[in-house]
Amino acid sequence: MLFGKEELVFDLPENEAPIRLMAECDVEKPDFKAYYGEDRVRHLPLNLPNLSEPQVARHYTNMSARNFGNDNGPYLLGSCTMKYNPKLHEKLASLAGFTSTHPYQADETVQGNLQLYYELEKQLCDVCGMDAFTFQPAAGAHGELTGIMLIKAYHEDHGHPERNIMLIPDSAHGTNPASAVMAGFKVVEVASAENGQVDIEDMRSKIEKHRDQLAGLMLTNPNTLGIFEEQVDAMTTMVHDAGGLIYYDGANINAILMQVRPGDMGFDVVHLNVHKSFSTPHGGGGPGAGPVGVKECLVPYLPKPRVLKKDDKYALEYNLPKSIGKVRAFTGSFLVCLKTYCYILGNGAEGLKNASEGAVANANYIFRRIKDRFKVPHDNPVMHEFVISGDWQKEKGCSTMDMAKRMIDYGMHPPTVYFPLIVHEAMMFEPTETETKENLDLVADTMLKIADEVENNPEVVQSAPHNTPVGRPDEVKAAREPILKYPEK
């Protein structure tokens, strides 16, 4: 409770959320019933474990020691860019001048925050070849949905509500079709060619078939196989000629920073997972940010408010008549965007370029070391990530999941498994630019050891992991029947 006006937090029945109430009352004897009602008062004690402070401290300390993150070792999740990010950025984001501000403050009292948003927008426009950005979306998938909503608003504003077909490659991230459907579009899948890139002829035929209803194309480049779409110019031209717009999934932008810009490739809208590619460690449930950049034709539809500069002052502009409205409260995850700002300033254009080159070099190094022991869908140079298949090992009784579990015994986080869906028994590795050669060799050596184990001692792989508190949980049951509260007595 606070002193003076007290903040009362009332405990509700299990199926209801807590209610907070500001009321003037006696600190020692708050009259819950007067403010809350007899039927809302708990008469039985809370069913909480009776633990001492040392027990609680040791519990959470031991739990934290079981976690694995980039501070522990290689974190190889493909298409998720689990790169190490500077601790300095966390320190800068914790400065009181940033953490003590509130979104409801008047614009004139948060000029520094608004200036940061304004300058970061210019930076990201330069990096991506866009004309404007919004920082409202909370994460990548939220940014996808926002970008697709902008395309929808554009077509409706231009008198073409019938344009409701969105082309999406079969190698796309699963959030792409989900975002398109949530925005009201129908998804038409485009096949991949034998080289792992979009089948340009299949795309051409589907554009012609749906020409009058075509809203646009969602594309990741490089794609989820780690391959750069060499015919991207032809694809964007075909879609534009048919009256559609093109969305860029920026999940893999770490591979091309300052090498080529989405805007220069012909994309009209792009989302960035800045909590992956531009500082702020990814994962752990948040926070995140998924800024969306657009070309001039989509600027009028951006969410409001936008940060604009007027007479050397920064202000939140709400008078945007064609805006799709808010997609989230306030202007977005400010501290995540702040760390993005620090990352760009700290690296500069040359540093971002070096990061992309390092990511590509590291991925190719591991790929070349291990590819002969695994089935590979495409034996070509890759970008920042690569995909191998465990089909050969599966024939000997060890699945991709078995091998991923075995990697835990060797002290590293497994890669993404069973994605993309177009590769059977897929394993997707993304080492990022932040891993040393020693760690790259550690990963490669581990995979070669596991391949040997599959050949000579498959049981040790099938029963992995062996040195964790929990071995092989029923993951389907855990997902469908999670235990989310302390059990009743």
Side-chain angles (χ1 to χ4, degrees), residues 79 128-131 140 143-144 147-148 150-152 154-155 160 163-177 179-181 183 185-253 255-257 259-272 292-298 377-378 380-385 387 420-422:
S79 236
C128 297
M130 293 287 140
D131 295 312
E144 283 181 20
I148 299 306
L150 294 172
I151 291 177
K152 186 180 183 68
Y154 172 89
H155 287 309
H160 296 292
R163 289 191 173 273
N164 64 348
I165 298 293
M166 189 64 65
L167 300 179
I168 301 178
D170 58 6
S171 63
H173 295 112
T175 49
N176 283 189
S179 297
V181 170
F185 290 105
K186 297 178 182 178
V187 173
V188 173
E189 187 175 271
V190 181
S192 294
E194 291 186 3
N195 63 2
Q197 300 179 39
V198 170
D199 186 328
I200 196 74
E201 293 307 318
D202 186 57
M203 175 173 286
R204 192 188 313 276
S205 68
K206 285 169 179 173
I207 288 176
E208 289 306 314
K209 180 179 179 180
H210 303 287
R211 193 174 190 87
D212 294 336
Q213 291 80 40
L214 182 65
L217 165 69
M218 299 182 76
L219 189 68
T220 306
N221 197 24
N223 63 29
T224 57
L225 291 167
I227 299 172
F228 190 85
E229 297 284 354
E230 297 174 359
Q231 300 191 75
V232 61
D233 287 343
M235 289 188 279
T236 55
T237 298
M238 285 193 297
V239 173
H240 282 149
D241 288 347
L245 298 178
I246 303 106
Y247 162 88
Y248 180 84
D249 182 334
N252 293 343
I253 201 167
I256 64 169
L257 286 175
Q259 309 287 341
V260 62
R261 305 190 303 176
D264 298 336
M265 290 189 280
F267 291 91
D268 301 291
V269 55
V270 54
H271 96 263
L272 300 174
V292 172
V294 296
K295 287 291 195 177
E296 187 64 37
C297 63
L298 291 173
H378 309 285
N380 299 310
V382 295
M383 296 293 286
H384 65 306
E385 65 187 9
V387 177
L421 299 178
I422 59 175

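Note: hydrogens, waters and symmetry copies are ignored here, and every other heavy atom, side chains too, is used.
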Can you tell me how far apart [atom1] ([X]) and [atom2] ([Y]) are? Round to the nearest 0.5 Å.
X: His160; Y: Leu214; atom1: NE2; atom2: CG; answer: 12.0 Å
X: Leu217; Y: Tyr247; atom1: CG; atom2: OH; answer: 11.5 Å
X: Cys128; Y: Leu257; atom1: SG; atom2: CG; answer: 7.5 Å
X: Leu298; Y: Met130; atom1: CG; atom2: CE; answer: 9.0 Å
X: Arg163; Y: Lys152; atom1: CZ; atom2: NZ; answer: 13.5 Å
X: Leu272; Y: Ile253; atom1: CG; atom2: CD1; answer: 5.0 Å

What residues, two or more places apart in sequence or in another chain, satisfy salt bridge (charged side-chain N to carboxylate O under 4.0 Å, His left out) together with [X]?
X: Asp241; value: none
X: Lys295; value: none
X: Asp199; value: none

Inset, instruction - Test Val269 against every option in Ile148, Leu245, Val292 by the side-chain contact (heavy atoms from CB on, under 4.5 Å) rule and name the one that passes. - result: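 That would be Val292.
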Please check if the side chain of [X] supplies one atom and the backbone of [Y] the other of a donor-acceptor pair under 3.5 Å.
X: Asn252; Y: Asn221; result: no
X: His378; Y: Glu194; result: yes
X: His271; Y: Gly147; result: no
X: Glu229; Y: Val198; result: yes

Inset, instruction - State which residues pass ring-ring contact (aromatic ring centres under 6.0 Å, His included) with Phe185; sequence neighbours excluded, sorted by chain then number. - result: none
Inset, instruction - Apply ring-ring contact (aromatic ring centres under 6.0 Å, His included) to Phe228 and list each qualifying residue two or more places apart in sequence or on a separate chain. - result: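 For Phe228, no residue satisfies ring-ring contact (aromatic ring centres under 6.0 Å, His included) once neighbours in sequence are set aside.
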[X]: side-chain hydrogen bond (donor to acceptor under 3.5 Å, both in side chains) partners, not counting sequence neighbours:
X: His173; value: Ser79, Asp249
X: Asn380; value: none
X: Thr224; value: none
X: Gln197; value: none

Testing the basics here: between [X] and [Y], what is the closest heavy-atom pair and its distance to 0.1 Å?
X: Pro169; Y: Met218; result: CD-O, 3.1 Å
X: Lys206; Y: Val190; result: NZ-CA, 4.2 Å
X: Pro222; Y: Thr220; result: O-CG2, 3.2 Å
X: Ser192; Y: Ile422; result: OG-CD1, 3.9 Å
X: Asp170; Y: Ala191; result: OD2-CA, 3.6 Å
X: Val188; Y: Ile165; result: CG2-CG2, 3.5 Å

Legend entry - Those residues that, when tested against Gln259, pass side chain to side chain contact (heavy atoms under 4.5 Å, CB included) (two or more places apart): Lys353, Ser356, Glu357
Inset, instruction - Return the set of residues passing side chain to side chain contact (heavy atoms under 4.5 Å, CB included) with Ile200 (not counting sequence neighbours), or none when no residue passes. - result: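 By the side chain to side chain contact (heavy atoms under 4.5 Å, CB included) rule, Ile200 matches Arg204, Gln231, Ala234, Met235, Met238.
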Inset, instruction - Show the numbers, then the answer: is there a side chain to side chain contact (heavy atoms under 4.5 Å, CB included) between Ile246 and Met265? - result: CA-CA 10 Å; Ile246 303 106; Met265 290 189 280; over 6 Å; no
Legend entry - Any pair counted as salt bridge (charged side-chain N to carboxylate O under 4.0 Å, His left out), so long as it reaches residues 209-226, sequence neighbours left out: Glu208-Arg211
Inset, instruction - Take Met166 and Asn176, measure what side chain to side chain contact (heavy atoms under 4.5 Å, CB included) needs, and give me the verdict at the end. - result: CA-CA 10 Å; Met166 189 64 65; Asn176 283 189; over 6 Å; no
Inset, instruction - Describe, in one word, how the ring planes of Phe267 and Tyr248 are oriented to each other, choosing from parallel (under 30°), tilted (30 to 60°) and perpendicular (over 60°). - result: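 Ring orientation, 0 to 90° scale: perpendicular.
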Inset, instruction - Evaluate the side chain to side chain contact (heavy atoms under 4.5 Å, CB included) criterion for residues Ile227 and Asn195: first the C-alpha distance (whole Å), next the side-chain angles of each, then the deciding distance (0.1 Å), finally the verdict. - result: CA-CA 9 Å; Ile227 299 172; Asn195 63 2; over 6 Å; no
